[in-house]
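Accompanying notes for the structure given below.
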Amino acid sequence: MSGLFGSFDRTGASDVAKDLYYGVFSLQHRGQESAGIAVNNDGTFLSHKQMGLVSDIFDEITLSALTGFCGIGHARGGSDKAMGTDGIQPVLIKSRVGNIGIACDSVILNGDKIRDELKNLGAIFQSGTDSELILSLFSRNRISTDDCEHAILNMMKEMNGVYSMIFMTDNKLIGVRDPYGLRPLVLGKKGERYFLSSESCALDAIDAEFIRDIEPGEIISISKEGITSLFYSDDADRVKNGHVCIFEYVYVARPDSIIDGTEIFESRYKAGQALAKEKPCDCDLVIGAPDSGNAAALGYADSLGVPYGMGLLKNRYVGRTFIKSTQGQRELAVRMKFSVLKSAVKGKRICIVDDSLVRGTTTKHIIRFMRDNGAKEVHLRLASPEVRFACCYGVNADKVQDLPAHTKTDDEICEMIGADSLGYISLPSLKASLSGIHCGQCSACFDGDFLAGKNEGGEE
Ligand code: SF4
């Protein structure tokens, strides 16, 4: 997963880099492996990018060197495919039709096939990343079309996958959301400066106004002449028929973001309330597994009429364990990440509310920490259903073997993680908590109802 941010100043003011910095900074919950910013300095593309956190990569000097009226930024999470420096974005190329830069959050399922076809036509690749592949495919299509937008449209017809992308050309900023709308992308504005962002929280960070979500299959183009949109399909119900990833609401997105009409905090709070009705718990204190379990825990406690309190502390300087790249890294991160407030939990029956149980690594450690610190009982409630299927779109686990709920019963999982009891929200209740949502949802990791292209085992 990645966080994308783009900015275009229609007056030509050349100081977009600071907005890009704060935008990408605000999206690091989507990825903390590397980050980068690229700008268009009147036809010369400049960039700075590295492995690491945004605050370590950029300072006043590097940012002041990035002068430009248009720019793109990227915060990248770990994935096997784009491991290491090869996957650092944005990626820039000079093509026969001009400069092109890209920041993308993508999984292209038929990427290997497209890469082989392009190689047979003479294309050269230096990495196995989607960003390089997409730029090559775009360049080939651009030669045979009148404009970038139709080149992107043609490219989308060749790609089977899920993506949000932001392109920077010599005179445009172009945002693309895949025809399923699986990854979010929003449009914002401050004066004559327009923004594209993975989430609305990054717009708030720079005091920009949220305008709207980019629709599934939309190619939105921002230039000095204005804003235009081209659509992958004429389907009038393309938004309603979309498949935004339900895990955005469960775990991925920041609670203060609004995606496709639903505020993340509110949806998590409501899921917690519904969970309390479906799976109540006799306990003295409800605590949230920080941070993505907190809103649901609050809803759960309010609904049960049980105190909600602090019991777990999180070390802010350790990244999200979910997006560490190996099992060893994840386990070490959990030990570094959480500590228990002994006075809050000692002698009490504790109910931990978490957003989900994917591998169970984090949860198992937290429960053990609770008991080590004197909790009398430790119950676990999950504000999402059993994760039974691996996600082939790069969001949660890659392999079904990593998912306890794929093979184990709830009782077996309860024993595995050392909880006194375990309860999940049902999928209908989770969906009902997304009040106001105007886009359809993907919930395949819960129900196995995958989009075309791959099955739950991740095989074509
Ligand atoms: Fe999101 Fe699950 Fe669908 Fe993957 S399978 S896109 S994690 S809802």
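FYI, the numbering just counts along the sequence from 1. First listed ligand is number 1; within each ligand, the first listed atom is number 1.
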Are [X] and [Y] close enough for a salt bridge, meaning some N to O gap below 4.0 Å?
{"X": "D207", "Y": "K190", "answer": "no"}
{"X": "E377", "Y": "R371", "answer": "no"}
{"X": "R212", "Y": "D260", "answer": "no"}

### Task
Could you check whether the rings of F369 and H365 sit parallel, tilted or perpendicular, using 30° and 60° as the cut-offs?
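It falls in the tilted class, 30° to 60°.
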### Query
Should you measure from each heavy atom of C391, which atoms of ligand 1 turn up under 4.0 Å away?
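Here the atoms of ligand 1 in question are 4 (Fe), 5 (S), 6 (S), 7 (S).
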### Message
If the cut-off is 4.0 Å to any non-hydrogen atom of I246, which atoms of ligand 1 fall inside it?
### Response
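Taking each heavy atom of I246 in turn, ligand 1 has 8 (S) under 4.0 Å.
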### Task
Apply salt bridge (charged side-chain N to carboxylate O under 4.0 Å, His left out) to D355 and R268, showing your working.
CA-CA 8 Å; D355 57 88; R268 289 178 187 166; over 6 Å; no
Quick one: nearest non-hydrogen protein atom to [atom], plus distance?
{"atom": "atom 7 (S) of ligand 1", "value": "V395 CB, 3.5 Å"}
{"atom": "atom 1 (Fe) of ligand 1", "value": "C245 SG, 2.3 Å"}
{"atom": "atom 5 (S) of ligand 1", "value": "C445 N, 3.3 Å"}

### N/O/S from C442 sitting under 2.8 Å away from atom 2 (Fe) of ligand 1
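Given the 2.8 Å cut-off, C442 does not count as a ligand of atom 2 (Fe) of ligand 1.
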### For ligand 1, the portion of L182 having any non-hydrogen atom under 4.0 Å away
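Contact part for L182 vs ligand 1: side chain (C-beta onward).
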### Task
Check the pair F138 / F167 against ring-ring contact (aromatic ring centres under 6.0 Å, His included), numbers first and verdict last.
CA-CA 10 Å; F138 170 77; F167 288 86; 5.1 Å; yes
